[in-house]
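Step one of this worksheet: look at the structure below.
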Amino acid sequence: MIFEQYYLECLSHASYLVGDQTTGRAVVVDPQRDIAGYLRSAEEHGLRIERVIETHFHADFVSGHLELAAATGAVISYGDAAKAEYDFEPLADGQRLSLGDVQLEILATPGHTPESISVVVYEHADDTVPHAVLTGDTLFIGDVGRPDLLSSVGVTADELARQLYRSLHEKLLRLPDETLVYPAHGAGSACGKALSTETVSTIGEQRRNNYALAPMSEGAFVEAVTQGQTAAPLYFAFNASYNKQLRELMQDTDAPPALSWEKAMAAVADGAVLLDTREEPEFCRGHLAGAVNVGLSGRFAEYAGDVIPAGTPIVLFTDPGTELQAKVRLGRIGFDTVLGYLAEPERQLAEHPEQVRRASRLSAAELEIARRGMAELQIVDVRNEGEHRLGAVPGAVNIPLASIIRRAAELDPARPTVVHCAGGYRSSIAASYLRSVGFADVSDLLGGYGAYVTPPTEQVGTAPATTDPVSASTADALLLDVRESDEYDAGHAPGTVLIPLGQLPDRLVEIPRDRHVVVICRSGNRSGHATVYLRNNEVDAVNMVGGMQAWAAAGLPVEDTSGAPGRVI
């Protein structure tokens, strides 16, 4: 059997190729939209991709089922509750598909969506114990699929959560404990709230450690999985619909066209968004008026989908050579309206100084002066609700980045505005969006909330317990990383567990009370607040001073999610 997992870190998306070496027949499950990797693997292994199986209609990315069908002649399949504009072969609960010796069994597992299925993989036709189960968004490592994404189309979170409970207990948890679990997403995905950074587990391990699979009534399960979910990104509803449509195929090898200054500005005047994909320090030093900034590193497509409505024409302002990358990554979420990129961007900045703006960024001290001296100041916290609950700038209104377009009308564009997040990345995106829609005076907070707060205290005058990186590396302790998933993915200490700071209140049950815990972030600010919170909740926690920056400076190992040498961002 050929079994390969493909993991796309920028969307936390996992897809799979399953093939039978004796017959050369293969299927791809939940493919990303740019399909070259599957075609290359199939050719290397001498396989023919005969079928594309979708576990459900995805909301967080546009799937490559149409692209694969066009390239290989493969049949597209969904669960038999699905409805789409294109032809597909439905798969029924309990149906078996033979690739030769390798066998696939379909389980109807509704709950995340009504049409959700899981795919059980048997390496040999006479095996009684499955090799693996591909669970889509029904069962994750450490979590289950959120049931609230379809409320806008009349399917309630309560009824889907009850279906999910039955799918888990009547279908997936009846599989043998040694069955490998391969989900469609990992940490960072907004399709759940507590996903692990691990990309494979077992049914037995999930039975023991997944909070949503702990013994509980159906009613308690409904409450557990519907509470504490983050705001769904704006583009999710568009993607869920787009995946049902007979749409144009993605062209992932053709760069968008270069546009002259005149053509680019005419397109912007006609309603196109000018998307600046440079990192925020470079953007803040000088950018074109009205540009929206989403840096190309990290979760570029997801954040772009938070601040650009689907279907909006886009003109790119990119570092030379990154135009195709930006187009492809936008295409992965169905943003197929890239008109082109501004040719020679640095020269255009130099030749049109009247159109160049610098972004205002305040230090924590400057924000405090403004907060105390300007009654009209409005402060916007674009972190998720869970992060905001851990502590907030006095008077700040919490509007998560994923909700900024929907809720911008709650703010007064004539008032001076300061935007902040945890560390400064999301706030730069939000601030650029607010400026682009007419807010006259917008600044973002350098270093985010972590830079604003004074050193955290458990009680007045008491600093949190601390340790240094070298001591932390040799301690018999749980290393807990509270950064965001993109920071963790780029580089973390080996063996650490990721629980982003904003998820800590909802995932406190996952932290053992009988172990010493060392809390890590980038520089020590966020981990300091997490340490105080944990100690106040009877966890033996200490803060690692200096964070991952100090860890790396001490020469200690840093790895990315593949186990290769990583970097601290």
Side-chain angles (χ1 to χ4, degrees), residues 187 194 197 364 381 383-384 386-393 420-425 445-559 566-569:
T197 57
D381 181 351
R383 297 175 299 166
N384 291 322
E387 295 173 272
H388 183 78
R389 291 205 312 265
L390 281 170
V393 176
H420 82 83
C421 62
Y425 182 75
L445 177 62
L446 277 166
Y449 182 69
Y452 174 81
V453 291
T454 54
T457 57
E458 297 172 78
Q459 298 170 350
V460 176
T462 304
T466 60
T467 189
D468 62 275
V470 174
S471 298
S473 69
T474 59
D476 181 20
L478 171 69
L479 300 181
L480 175 65
D481 195 320
V482 297
R483 296 176 297 162
E484 295 303 305
S485 59
D486 55 339
E487 297 175 275
Y488 181 91
D489 289 347
H492 57 268
T496 49
V497 171
L498 173 67
I499 301 181
L501 182 62
Q503 298 179 14
L504 203 52
D506 295 316
R507 298 178 61 183
L508 184 62
V509 67
E510 299 176 35
I511 312 251
R513 299 300 197 275
D514 58 351
R515 288 195 66 186
H516 184 55
V517 178
V518 175
V519 191
I520 304 169
C521 68
R522 183 174 185 270
S523 63
N525 273 321
R526 284 172 283 177
S527 54
H529 294 284
T531 299
V532 170
Y533 178 80
L534 292 172
R535 291 174 72 85
N536 285 340
N537 282 276
E538 302 178 347
V539 176
D540 176 22
V542 296
N543 180 31
M544 192 181 79
V545 293
M548 283 301 300
Q549 291 176 321
W551 178 281
L556 296 168
V558 178
E559 63 183 29
R567 61 190 179 92
V568 179
I569 64 171

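Just so we're clear, the structure is a prediction, and the values are computed from it rather than from any experiment. The figures that follow rest on heavy atoms only: side chains count, while hydrogens, waters and symmetry mates do not.
- For Val539 against Pro512, the heavy-atom pair with the smallest separation is CG1-O, 4.4 Å.
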Query - Candidate pair Ile511 and Leu504, rule side-chain contact (heavy atoms from CB on, under 4.5 Å), full reasoning - result: CA-CA 9 Å; Ile511 312 251; Leu504 203 52; 4.2 Å; yes
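- For the atom pair CG (Asn537) and CG (Leu508), the distance works out to 5.0 Å, reported to the nearest 0.5 Å.
- The closest side-chain heavy-atom distance from Tyr449 to Asp381 is not below 4.5 Å.
- The two atoms that bring Asn543 and Gly524 nearest to each other are ND2-O, 3.3 Å, heavy atoms only.
- Within the 3.5 Å criterion, the main-chain N or O of Pro500 finds no donor-acceptor partner in the side chain of Arg526.
- Of the listed residues (Val518, Thr531, Val519), just one forms a side chain to side chain contact (heavy atoms under 4.5 Å, CB included) with Met544, and that residue is Val518.
- Atoms OG and CG, on Ser473 and Leu479 in that order, are 8.5 Å from each other to the nearest 0.5 Å.
- Between Val568 and Arg522 the shortest side-chain heavy-atom distance falls below 4.5 Å.
- Atom OH of residue Tyr488 and atom CZ of residue Arg483 lie 8.5 Å apart, to the nearest 0.5 angstrom.
- Of the possible donor and acceptor atoms, one in the side chain of His492 sits under 3.5 Å from a partner among the backbone N and O of Glu559.
- No donor-acceptor pair under 3.5 Å is formed between the side chain of Trp551 and the backbone N or O of Gly546.
- In plain terms, the two heavy atoms of Ala364 and Tyr452 that are nearest each other are CB-CA, 3.6 Å.
- The two residues Leu498 and Ala187 come nearest to each other via the heavy atoms CD2-CB, 4.1 Å.
- Between Arg515 and Leu478, the shortest heavy-atom contact is NH2-N, 3.3 Å.
- For the atom pair Ser527 OG and Met548 CE, the distance stands at 11.5 Å (nearest 0.5 Å).
- In this structure, CG on Asn384 lies 11.5 Å from CG on Leu390, to the nearest 0.5 angstrom.
- With contacts defined as side-chain heavy-atom distances shorter than 4.5 Å, the pair Tyr425/Ile569 does not qualify.
- Considering CG of Leu480 and CD1 of Ile520, their distance stands at 8.0 Å, rounded to 0.5 Å.
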